[in-house]
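Down below is the structure, laid out as structure tokens.
None of the values given here were measured: they were computed from a predicted structure. Chain letters run A, B, ... following the sequence lines, proteins first, then strands; residues in each count from 1.
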Protein chains: 2
Amino acid sequence: MEKYIEILEKCPLFEGVKREDLLRMLSCLGARVASFDKRYTIFAEGRPLRAIGIVLSGSVQVERVDIYGNRSILTKVHPTELFGEAFACAGVEAMPVSIVASEPCEIMLINCDHILHTCSNNCGFHQQLIYNLMKDLARKTLQIHQKLEVTSKKTTRDKLMEYLMIMAKKNGSNSFDIPYDRQELADYLEVDRSGLSAEISKLRQEGVLESRKKRFVLL
Amino acid sequence: MEKYIEILEKCPLFEGVKREDLLRMLSCLGARVASFDKRYTIFAEGRPLRAIGIVLSGSVQVERVDIYGNRSILTKVHPTELFGEAFACAGVEAMPVSIVASEPCEIMLINCDHILHTCSNNCGFHQQLIYNLMKDLARKTLQIHQKLEVTSKKTTRDKLMEYLMIMAKKNGSNSFDIPYDRQELADYLEVDRSGLSAEISKLRQEGVLESRKKRFVLL
DNA sequence: GAAAGTATGTTGAATTTTCAACAAAATGGA
DNA sequence: TCCATTTTGTTGAAAATTCAACATACTTTC
């Protein structure tokens, strides 16, 4: 576990936890680490989820595929970030989404009960973890609202521009990389990929932006 | 405050709190009650929110209106339910949504800091409240996912049917009332109202459903 | 109970999206 | 380097949505 300390220190779940307490804490929580190949479905829609995941390396996507095969991407989760908190905490019997490895990745899994309920050793840090978890759930809600703000726009162009503006603001620059390739971006924006490509070309011609793969520059 | 005890007992924030402790708790939390007329904007988008709201009577809607005047409804909040938890807990400086009275309503407001931080009286119930708040945030996340599942469908028909199926399941019956009128339903589904009316008519002709105002029957 | 106001339904034209098929460019291995 | 694969861009036709305008039904208020 030692090799993950650097990442875990930056994880919102462990905010305010001292470095020297982390290892002991992890063993008390029954934390375990697993690796997954690209495209592997780590947790499948429709099944219960008891554990919270922390991305240690690589990345995962929270997504759903409907009966027609249309994929909808909710978010991409990067190292130090959590996923599945809401489903694990709420004790849902059927996850509404799947968790899929978007790159080869290492994931730390912690059973949610171990966080929520005081352990037999009566460690004092559970309250801190619950507080952190709550803060994280609040932040996640904001994140979803951001996606809703994007997808609630009517046209492909408006959705794309709203998304790019948010990304520019987040990066503090008009020039930035997005985490999605074209198909993924289309699935995040809930639009057709070819239509999205066409729209990007148009915006380029109009001089609104420059783009090359995942790099965008707003003009 | 006594007259609200019945409602507050059922509020998820006070789950596990004894009836006789409630009143004392409320005064410690600095709870206050306010009334609003229909259509009044209780909290406006873009402003900070420090307080959590509990609907005591009537109802409010969480919504956003973009620069073109398109309204997007996120959810309707009914008596005993909370709103604004995520924004207050995360300490956001600019709310991404507005809270609007959809009927004349009475709202209890509790400053979020009073819940999150132990008070000078050192009451023992803060931990319980934080735990309840966390559970509620988790449930709210699921609720938003449900909306995302609905709006991620491509056509008006699919969005509507997905929504009605969810409502039927929630009510445990093929015959149920929805909380929205046509315009509100269109704004929740993120579609055009007249197109929605047309689609409902078509479904009626096809014998898929019956409907009259807010009442629907799936056949 | 009539009038005014609000909500819902209907229609057709303009706009936009989706879909399928293919071309071009980039990537990753052998 | 070359080949196979994946990703991205392009296009046109079909389908769906939006928009505006109006008809009808229902509510509310005086």
Note: K38(B)-E103(B) ion pair, threshold 4.0 Å (strictly below): no

Check whether any side-chain nitrogen or oxygen of T156(A) sits under 4.0 Å from OP1 or OP2 of dT17(C), and answer yes or no. yes

Expressed in angstrom and rounded to an integer, what is the separation of K153(A) atom NZ from dT15(C) atom P? 22 Å

Nearest 0.5 Å please: distance from the CD1 atom of I178(B) over to the NZ atom of K76(B). 9.0 Å

Between CD of E199(B) and P of dT11(C) the distance, given in whole Å, is 14 Å

When you measure only distances, ignoring hydrogens and angles, does the side chain of R193(A) come within 3.5 Å of the base of dG9(D) through a donor and an acceptor? yes

Does dT17(C) have OP1 or OP2 sitting under 4.0 Å from an N or O in the side chain of R157(A)? no

Heavy-atom nearest nucleotide on DNA chain D for K154(B) versus R212(B): which residue maps closer to 5'? K154(B)

Find the distance L189(B):CG to dA16(D):P and express it as a whole number of Å. 17 Å

With rounding to the nearest 0.5 Å, note down the distance linking CG in L189(A) to CG in L164(A). 8.0 Å

Passing candidate, side chain to side chain contact (heavy atoms under 4.5 Å, CB included) with C89(B), options R139(A), M134(A), K135(A): M134(A)

Whole-Å distance, Y68(B) OH to dT15(C) C1', equals 15 Å

I want to confirm an ordering. Mapping T155(A) and S194(A) to their closest nucleotides on DNA chain C, which one lands closer to the 5' end? T155(A)

Of the listed nucleotides (dT27(C), dT10(C), dT17(C)), which one gets closest to any side-chain atom of K213(A)? dT27(C)

Measure CG/D192(B) against P/dA20(D) and give the value in whole Å, please. 10 Å

Sidechain N-carboxylate O distance under 4.0 Å for E149(B), K159(B): no

K202(B) atom NZ is separated from dT17(D) atom P, nearest whole Å, by 8 Å

Take the protein atom CD of Q183(A) and the nucleotide atom C1' of dA20(C), then report the distance between them rounded to whole Å. 14 Å

Touch class at under 4.0 angstrom, heavy-atom based, for D181(B) against every strand present: sugar-phosphate

Length of the CG-C1' vector between N70(B) and dT17(D), whole Å: 13 Å

